[in-house]
Structure formats: C-alpha cells, structure tokens
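The block underneath contains the structure these notes are about, expressed in structure tokens.
Just so you know, these numbers use all the heavy atoms, side chains as well, and skip hydrogens, waters and symmetry mates. This chain uses plain numbering: 1 for the first residue, then up along the sequence.
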Amino acid sequence: MKSFLCVTIISLLLIVGCPATKKPDEAEPSGFKLPTLDGDSASLDNFKNKVVLIDFWATWCPPCRAYIPYLMKLSDKYKDQGLIVLGISNDNVESIRQFKDANDIKYLLLIADNEIMKNYGIQAIPTTFLYNRKGKIIKKEVGFDPKRVKQLE
C-alpha cells in the first residue's frame, strides 16, 4: 500500500509540478541579469535573435529532475539552429554545481533571486518559458509531462 501511495504521489508531482513561490504578475517579465555558476553573469539580452527556453527548476524537485534529460536533448538537437536553454534555480550554488556535474548538464545554469521568481510569477516548478527570436514569450508550461515535450519541440 505504501509503495502504491508513493508511486501515485510521484506521478502527480511529475505531471503537476512542485509548489514554488508567489503569484504571477500580469505583465510579461522584462530582462534579467543573473549570476552563473562560474561567477560571471548572463542576461536575456545576451541572447538576442535566438530562441530561448528558460526552465525554472530545483535540484530537489522530482518533475524538474525528470525534465532535465529532455532539455539536454533539445539543447543538443537545436543549438546549431539558435536554441539557448537556460536553467534557473534558487537552490544554493554548491547544490546546483554538484547536480550539474553529476548529471553532465551542458546548458547554462543561472542562480535565481527573489526578483526574477516574482517577475516570472513562479508558483510551481518546473515552469518553462519559450521566447521567440524577437524576445517575446510564445509559450509557458507549468509542470512536466513527457508528452508535452514533443509539442514544445
């Protein structure tokens, strides 16, 4: 019975996502400048004329962890066509660094602050935003469902 309950809860988390923070703002979020794991910084402006997929995630979140291999495949498949994948987490830097190394994540990981979480209205993770080449959000996904990855692609 316990294993059935565990499987049910994990399945729901994979589809719905993990609770995060704050209510969404009505306006489209503006640019940002966030630190990288290397101590540099990156901003949305660094990726003008690129398709940018931003994934808000956490190392402790089962749906986030399940989504990452799909994001790595998307990044590898479309990077030469201008896709940039950014993972944004408000975990501590060392946890993110260890997770990145353990999972061989090649796309850029950024350290979130409360401001970006508020500006993007993050209430659950993973939450994914897809920007077109003109810098406009064209898709927002909350939670993770492997069936939606093909639609996103």
Side-chain angles (χ1 to χ4, degrees), residues 13-146 148-153:
L13 284 173
L14 286 171
I15 292 170
V16 175
C18 297
T21 58
K22 310 257 179 179
K23 290 185 175 183
D25 292 339
E26 293 299 315
E28 186 166 303
S30 58
F32 57 80
K33 185 174 184 179
L34 295 172
T36 67
L37 292 177
D38 300 331
D40 293 328
S41 64
S43 97
L44 201 51
D45 291 339
N46 295 131
F47 308 109
K48 288 185 184 213
N49 300 314
K50 302 280 186 185
V51 174
V52 179
L53 188 150
I54 297 175
D55 176 48
F56 286 89
W57 69 288
T59 60
W60 51 264
C61 167
C64 301
R65 295 170 73 110
Y67 195 13
I68 287 172
Y70 292 94
L71 294 174
M72 290 192 302
K73 287 178 189 172
L74 284 174
S75 178
D76 288 344
K77 185 174 182 178
Y78 294 106
K79 67 182 173 197
D80 292 337
Q81 296 172 31
L83 175 66
I84 304 294
V85 176
L86 303 174
I88 300 178
S89 175
N90 64 356
D91 287 342
N92 73 60
V93 175
E94 194 52 38
S95 294
I96 298 169
R97 185 175 285 116
Q98 288 175 3
F99 188 86
K100 176 185 179 183
D101 292 344
N103 293 280
D104 199 29
I105 298 173
K106 303 269 193 273
Y107 58 83
L108 187 58
L109 299 180
L110 304 174
I111 313 304
D113 57 21
N114 290 336
E115 186 74 19
I116 193 165
M117 301 299 276
K118 179 182 172 201
N119 287 347
Y120 276 83
I122 304 302
Q123 293 185 316
I125 51 176
T127 296
T128 305
F129 293 86
L130 183 63
Y131 282 83
N132 66 16
R133 293 181 190 275
K134 295 178 182 177
K136 296 290 181 195
I137 295 173
I138 57 171
K139 188 152 188 77
K140 175 184 177 184
E141 295 277 341
V142 178
F144 170 65
D145 180 352
R148 290 188 302 188
V149 172
K150 208 55 173 156
Q151 294 170 345
L152 182 62
E153 189 174 353

Next on the checklist: I'd like to know whether Tyr131 forms a side chain to side chain contact (heavy atoms under 4.5 Å, CB included) with Leu44, so could you lay out the CA-CA distance, the side-chain angles of the two residues, the decisive distance to 0.1 Å, and finally the verdict.
Outcome noted: CA-CA 10 Å; Tyr131 282 83; Leu44 201 51; 3.6 Å; yes
Least distance between heavy atoms, [X] atom then [Y] atom:
X: Lys33; Y: Ser41; answer: CE-OG, 3.1 Å
X: Lys50; Y: Ile84; answer: CB-CG1, 3.9 Å
X: Ile96; Y: Asp91; answer: CD1-O, 3.4 Å
X: Cys61; Y: Pro126; answer: SG-CD, 4.1 Å
X: Leu37; Y: Lys100; answer: CD1-CD, 3.7 Å

Would you say the side chain of [Y] lies within less than 4.5 Å of the side chain of [X], judging by non-hydrogen atoms?
X: Leu110; Y: Thr36; result: yes
X: Ile125; Y: Tyr67; result: no
X: Arg65; Y: Phe99; result: yes

With rounding to the nearest 0.5 Å, note down the distance linking [atom1] in [X] to [atom2] in [Y].
X: Ile54; Y: Leu71; atom1: CD1; atom2: CG; result: 12.0 Å
X: Thr127; Y: Met117; atom1: OG1; atom2: CE; result: 8.0 Å
X: Ile116; Y: Leu34; atom1: CD1; atom2: CG; result: 4.0 Å
X: Leu83; Y: Asp76; atom1: CG; atom2: CG; result: 10.0 Å
X: Gln151; Y: Lys139; atom1: CD; atom2: NZ; result: 6.0 Å
X: Leu53; Y: Glu141; atom1: CG; atom2: CD; result: 9.5 Å

Item to check | Plane angle bin for Phe56 and Phe129 - parallel if under 30°, tilted between 30 and 60°, otherwise perpendicular | outcome: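 Phe129 vs Phe56 ring planes: perpendicular.
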Next on the checklist: Evaluate Trp57 against Thr59 for side chain to side chain contact (heavy atoms under 4.5 Å, CB included), listing each step before the verdict.
Outcome noted: CA-CA 7 Å; Trp57 69 288; Thr59 60; 3.6 Å; yes
Next on the checklist: Salt bridge check, Arg97 against Glu94: does any charged N sit closer than 4.0 Å to a carboxylate O?
Outcome noted: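 Salt bridge present between Glu94 and Arg97.
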Item to check | Derivation of the side chain to side chain contact (heavy atoms under 4.5 Å, CB included) call for Ile88 and Tyr120 | outcome: CA-CA 11 Å; Ile88 300 178; Tyr120 276 83; 6.0 Å; no
Next on the checklist: I'd like to know whether Leu86 forms a side chain to side chain contact (heavy atoms under 4.5 Å, CB included) with Phe47, so could you lay out the CA-CA distance, the side-chain angles of the two residues, the decisive distance to 0.1 Å, and finally the verdict.
Outcome noted: CA-CA 11 Å; Leu86 303 174; Phe47 308 109; 4.0 Å; yes
Return yes if some donor-acceptor pair links the side-chain N/O of [X] with the main-chain N/O of [Y] below 3.5 Å, else return no.
X: Asn132; Y: Lys134; result: yes
X: Asn103; Y: Ile105; result: no
X: Asn46; Y: Ser43; result: yes

